[in-house]
Amino acid sequence: MLAALAPTCRVTAQRTASATLAAAARPTLSQQARTALPFASRTIQTTVPRLSTPPSSDVGDYKNIIVSQAGNGVTLITLNRPKALNALNSELFTELNHATAAADEDASVNAIVITGSEKAFAAGADIKEMRSKEFAGAYKSNFLGHWTKISEVRKPIIAAVSGFARG
C-alpha cells in the first residue's frame, strides 16, 4: 500500500518545489517599490485621455469646468480652478450640475468622467465663499442644496482622481 502512494507523494513534492522556486524568482512588493520609477515619471495606461493630450472639442461655455467628448461615449468634465486648487464653490457646482444633466440626457453618452488637475482633484469646499455666511442664513437659504443635484444623474459618474482630494 505504501509503495502505491510513493509516486503520488513524489509528484506532489516536485510540484510544491516548482511552485516554491517560481515564487522565489518573483520580486517581492518591497523589491518592486525600491526599483520603481519616481512617481512623476510613471505612465499610467488608461482609456481616459490624460490632461496633457487635450480631448476633442469643448462642449458648452463654462468658466470653472471644461467639458469635452473623450470618445467611446464618454463625456470628460475637468474641474478648472487651478488658482484655488479646484475648490468647490456654488458657481462651479451650478456648471457641474448643468454639464452632468446635459450628458445624462445625451443618448450618445454612456458614462461621465470628472477629473481635476495633476496637483489637485479638488481642495474641498471653497472657504472664501463661506466665510461671510452665518449658519442661520446659510440654512434658511439652502446654501449648498444644489450640490446634491448631481446624485440625480442616472449614468455612471467616474472620478479620475490625481493629486489632492480634500473634503
Side-chain angles (χ1 to χ4, degrees), residues 26-30 32-33 35-167:
R26 281 183 261 144
T28 64
L29 187 58
S30 62
Q32 290 173 351
T35 60
L37 294 171
F39 185 75
S41 63
R42 295 181 198 171
T43 58
I44 300 172
Q45 298 297 326
T46 179
T47 57
V48 177
R50 301 304 298 167
L51 297 175
S52 59
T53 56
S56 63
S57 64
D58 286 343
V59 178
D61 186 25
Y62 301 109
K63 178 181 171 187
N64 297 297
I65 62 174
I66 300 169
V67 180
S68 56
Q69 299 303 321
N72 297 328
V74 176
T75 294
L76 179 66
I77 301 174
T78 305
L79 306 180
N80 190 31
R81 294 189 69 213
K83 291 181 182 176
L85 294 176
N86 295 326
L88 307 173
N89 64 8
S90 293
E91 186 179 18
L92 183 141
F93 249 95
T94 300
E95 292 177 5
L96 190 60
N97 287 332
H98 182 269
T100 54
D104 196 29
E105 296 300 321
D106 187 347
S108 67
V109 174
N110 299 319
I112 302 164
V113 176
I114 301 175
T115 188
S117 65
E118 290 291 324
K119 188 174 183 181
F121 174 75
D126 191 350
I127 302 303
K128 289 179 184 177
E129 182 181 40
M130 296 179 182
R131 70 177 165 209
S132 63
K133 305 244 185 255
E134 292 186 20
F135 175 76
Y139 183 77
K140 286 179 184 177
S141 69
N142 198 17
F143 173 59
L144 301 177
H146 65 287
W147 284 34
T148 61
K149 193 167 177 74
I150 196 169
S151 66
E152 297 171 10
V153 174
R154 296 176 308 271
K155 293 187 178 168
I157 299 176
I158 301 162
V161 178
S162 178
F164 296 110
R166 304 294 170 139

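Excluded from the calculations below are hydrogen atoms, water molecules and symmetry mates; all remaining heavy atoms, backbone and side chain alike, are included.
- Proximity of a side-chain donor or acceptor of E95 to a complementary backbone N or O of K63 within less than 3.5 Å is detected.
- Checked against ring-ring contact (aromatic ring centres under 6.0 Å, His included), F121 has no partners two or more places apart in sequence or in another chain.
- Shown are L92, L96, L79; of these, the side-chain contact (heavy atoms from CB on, under 4.5 Å) with N64 is made only by L92.
- Remark: the backbone N or O of D126 is not paired with any side-chain donor or acceptor of N89 at under 3.5 angstrom.
- Q69 has its side chain within reach of V109: a pair of non-hydrogen atoms, C-beta onward, lies under 4.5 Å apart.
- For residues 158-167, no residue pair satisfies the salt bridge (charged side-chain N to carboxylate O under 4.0 Å, His left out) rule, not counting sequence neighbours.
- Summarising the geometry of A122 relative to L88, their closest heavy-atom pair is CB-CD2, 4.2 Å, with the distance given to 0.1 Å.
- K155 has no carboxylate O lying under 4.0 Å from a charged side-chain N of D104, or vice versa, which leaves the two without a salt bridge.
- Here the shortest heavy-atom pairing between L85 and K119 reads CD2-CD, 3.9 Å.
- The number of heavy-atom neighbours closer than 6.0 Å to NZ of K149, taken from other residues, nucleotides and ligands shown, is 12 or below.
- Here the shortest heavy-atom pairing between A84 and A123 reads O-CB, 4.0 Å.
- The two atoms that bring T115 and A160 nearest to each other are OG1-O, 3.0 Å, heavy atoms only.
- Closest approach of R81 and A87 over heavy atoms only: NH1-O, 2.6 Å.
- Put simply, the residue from V113, I114, T75 that forms a side-chain contact (heavy atoms from CB on, under 4.5 Å) with I157 is I114.
- The side-chain contact (heavy atoms from CB on, under 4.5 Å) search around N110 returns none, not counting sequence neighbours.
- Separating the CD1 atom in I150 from the OG1 atom in T100 is a distance of 4.5 Å, to the nearest 0.5 Å.
- Of the inter-residue distances, the one linking L76 atom CG with I65 atom CD1 reads 10.5 Å to the nearest 0.5 angstrom.
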